[in-house]
Each structure stands twice: as structure tokens, then as C-alpha cells.
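The structure under discussion appears below in the form of C-alpha cells.
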Amino acid sequence: MAEKLDPEALADGSEPLFSFGVIADIQYADLEDGFNYQRSRRRYYRHSLVHLQGAIEDWNKETSLPCCVLQLGDIIDGYNAQYKVSEKSLELVMNTFQMLKVPVHHTWGNHEFYNFSRDFLVNSKLNSKFLEDRIVQHPETMPSENYYAYHFVPFPKFRFVLLDAYDLSVLGIDQSSPKYEQCMKMLREHNPNVELNSPQGLSEPQYVQFNGGFSQEQLNWLNEVLTFSDLNQEKVVIVSHLPIYPEASDSVCLAWNYMDALSIIWSHKCVVCFLAGHTHDGGYSEDPFGVHHVNLEGVIETAPDSQAFGTVHVYPDKMLLKGRGRVPDRIMNYKREQALCF
């Protein structure tokens, strides 16, 4: 379990090695407040941009600047497509991010694909793959162009891996393509409902249209990266829009083939944390292999008088999430054999 953040726990005066920012599900739209699909939660479409501005101001003022910010997907809301203002809204949010003094790594969620095709995203400012690191002597750790994933090293012995949770998806791709047909077949095999966004009656409720999954090609690549990190005694943080651990998430929000991803992660020692968005409510659990699964609370459902972002401070033996507003503080200790010696 992650412990509650206790100042006493840091009384040894140790300095963090580095830090990074996290924010999820901004879903900006120039609209009046609305509600989620179940009409159970208010959504603050316009105010989400104010929350982002506040987060950026906060990160820019930190005594030690974060090395980067991880934007966990759903940067603008699907309603923008309906009103034909997707590009205008994206430009507004990306201009806001330009005020940040550090790089931003963008993951892609379902709302990216409600607004844009995959081809558009590849050529947009939401493609942050230019920030990747390459392990030249191990070409198998180079991701394919068939999915949007990469890895980078913000600090020696710490590797971050961004995954494409919509590599398998019926969203954002040409409906005449073989991949669309393959993914639709997979979805219909698991979801016989007329409304493919409905999990009603499903034994595997994650098989809905607003989720996606990881191709075998991407999973093989992840396995190669984690193999390299094991051999080099690195720590790995994995980033995805969709969560993969049921104990940390509503089952309707999981990646389609989350168990395939977990099986690979659990076959390696290097992974210490898996960060995701999508759930809006947030969630946390430490799995039996010591991986901390953190689902960040969504900006879109955060009231104007609160906030929803955090800074993760990384130490040789733990990570400390300092949350703001709805995002709780957490101490995430590594398993004993994972602690780094410097």
C-alpha cells in the first residue's frame, strides 16, 4: 500500500533525485458546465483550462523544477468535434502548455480520437516522440511506426515508457482498413450489445468502444525494453491513458487486454509504477509484484475551487506523489531489492 505522506517520513533530509509533473483528462471545451454520460458527475469544460494554467504556474514556481510533465491523455473533449472546433481548442490548450518551462510528454486517449484521426495526431503537436531516447546498440528497443509509444531517461537508471493504449481500437482509423475490421471483430466478439459503449451484461466490461488495447507487436517491444532495463538495473515508470490493474480502477475503464500487459510487466523486476488517467475518479493499488498503479483524478470533473494534478518526487528507495486538490499525497516505496544505490 502507498502510505499517506507524512513529513516525519522525510525527516532524514534526503533530497529527491528528480521530480516530474502529472495531469490527466483536461478535456477542455468552450462550453458551459455539463455532465458525464451517466449524468452523475458535473464536468467543468471551460474551467479545465483555468486548472491547467494553475498547474503550470505551480510547476514553474517549484524550488526545483520538474524534469518534465506527463499529460495522461484526453486533452480536449469530444464535444469539440461536434462543434467543429477541435483544432482551435487544441491550439488553445497547447499554447497554454507553452508557458511551462519544461517538456511535456503526451499520451493519447479516446477523446483524442473523437476529435482527430491517428494520421492527424502523428503529425500534430500531441506527438511528443521527438523527446524519446534511443538505445542504439539494441535496435529491438526501437518502437515501430505502427503504434505511438516510446521511452526516455530523465535521470540515470530511471526509464519512462509511454504506451499506446489505443493501438487496438476502432477509434480514429479508416473504417475500410484491415486493422479497423480486426479491432471491430475483436470488440464484437466480447460485446454483443447494439450500443458498443455499453458494458451492460458483459463478463469483461472493459470491452467497450471508448477503450482500446495493446497489439502483440507493441507488447513484444515493451518486453524488449523491460528486458534491457532489467539487465541495466534501471527503474521503470510506465505511462498509459488506460489503466491495467483492476484493483486500482473501475473495470469499465481498463484496457481491453490488460492482462497481457500485466503478464509482461510482472515477468520483469524493473517496473515500479504504472500511471494512467481515464477513470476521472482516480484510483490506487500496489499489485503483488510491488508495482504501484496510480490513476490520476481527472481535471474535467474538478470543481473551480479545487485542483487535480501532482508532482512526483523520486528518491533512490521511493516515490512521493505530492497531489493538489483532489489528487491525494502518496508514498510509494520500492520493494527492498529495487532500492537504488548511489
Evaluate His111 against Asp25 for side-chain hydrogen bond (donor to acceptor under 3.5 Å, both in side chains), listing each step before the verdict.
CA-CA 9 Å; His111 282 262; Asp25 298 275; over 6 Å; no
Are any side-chain N or O atoms of Asp133 and backbone N or O atoms of Val153, one a donor and one an acceptor, separated by less than 3.5 Å?
yes
Test item: side-chain donor near acceptor, Asn110 and Tyr114, under 3.5 Å
yes
Can you tell whether the side chains of Asp329 and Lys322 come within less than 4.0 Å, N to carboxylate O?
yes
Taking NZ, NE, NH1 and NH2 as the nitrogens, is one of them in Arg134 or Glu132 under 4.0 Å from a carboxylate oxygen of the other?
yes
Under a 4.5 Å side-chain heavy-atom rule over Ile, Leu, Val, Met, Phe, Trp and Tyr, are Leu131 and Val236 clustered together?
no
Could you tell me if Asp287 and Trp266 have a donor-acceptor pair between their side chains, going purely by distance under 3.5 Å?
yes
Parallel, tilted or perpendicular for His241 and His278, by the 30°/60° rule?
perpendicular
OH of Tyr83 to CG of Asp77, rounded to nearest 0.5 Å, is 10.5 Å
Residue pair Ser176 / Asp174, side-chain donor-acceptor N/O under 3.5 Å:
yes
Taking atom CD of Glu189 as the centre, report whether more than 12 heavy atoms of other residues, nucleotides or ligands fall under 6.0 Å from it.
yes
Any side-chain donor paired with an acceptor under 3.5 Å for Glu112 and His106?
no
What do the steps show when you test Ser89 against Asn80 for side-chain hydrogen bond (donor to acceptor under 3.5 Å, both in side chains), and what is the final call?
CA-CA 7 Å; Ser89 292; Asn80 287 286; 2.5 Å; yes
Parallel, tilted or perpendicular: rings of Tyr150 and Phe152 (30°, 60°)
tilted
Side-chain donor-acceptor pair under 3.5 Å between Ser285 and Glu247, yes or no?
no
In Å, rounded to the nearest 0.5 Å, how long is the span from CG of Asp164 to OG of Ser144?
10.5 Å
So does Arg46 have more than 12 non-hydrogen atoms from other groups sitting under 6.0 Å from CZ?
yes
Heavy-atom count check: over 12 atoms from other residues, nucleotides or ligands less than 6.0 Å from Glu195 CD?
yes
Look at the side-chain heavy atoms of Ile, Leu, Val, Met, Phe, Trp and Tyr, link any pair under 4.5 Å apart, and say whether Leu52 and Leu31 land in one connected group.
no
With a 6.0 Å cut-off (strictly less than), is the heavy-atom count around CD of Gln200, excluding the residue itself, greater than 12?
no
So, is the end of the Lys235 side chain (NZ or CZ) under 6.0 Å from the ring centre of Tyr334 and within 45° of the ring's axis?
yes
Tell me whether the rings of Phe158 and Phe18 are parallel (<30°), tilted (30 to 60°) or perpendicular (>60°).
perpendicular
Is there a path of hydrophobic side-chain contacts, each under 4.5 Å between heavy atoms, that joins Trp108 and Phe97?
yes
Quick one about Thr311 and Glu62 (side-chain donor to acceptor, distance below 3.5 Å, no hydrogens or angles considered), yes or no?
yes
Can you name the one residue among Arg42, Arg43, Arg326 that meets salt bridge (charged side-chain N to carboxylate O under 4.0 Å, His left out) with Glu301?
Arg43
Value for CG (Leu222) from CG (Asp260), rounded to nearest 0.5 Å, stands at 11.5 Å
Testing Gln218, Glu224, Gln216, Glu217 for side-chain hydrogen bond (donor to acceptor under 3.5 Å, both in side chains) with Asn220, which one passes?
Gln216
Side chains of His292 and Asn333: do they bring a donor and an acceptor to under 3.5 Å?
no
For Tyr166 together with Phe113, are the ring centres under 6.0 Å from each other?
yes
Is it true that Asn295 and Thr279 share a donor-acceptor pair across their side chains at a distance under 3.5 Å?
no
Indicate yes or no: does Asp167 engage Lys179 in a salt bridge with an N to O separation below 4.0 Å.
yes
So for atom OH, which belongs to Tyr79, do other residues, nucleotides or ligands contribute more than 12 heavy atoms lying within a distance under 6.0 Å?
no
Distance flag, aromatic centroids of His293 and Tyr284, threshold under 6.0 Å:
no
In this structure, which one of Met142, Arg159, Glu140, His138 forms a side-chain contact (heavy atoms from CB on, under 4.5 Å) with Val225?
Arg159
Distance flag, aromatic centroids of Phe214 and Trp256, threshold under 6.0 Å:
no
Taking atom types as modelled, is there a side-chain donor on Ser240 or Tyr258 under 3.5 Å from an acceptor on the other?
no
Please report the closest heavy-atom contact between Val102 and Cys67, naming both atoms and the distance.
CB-O, 3.9 Å
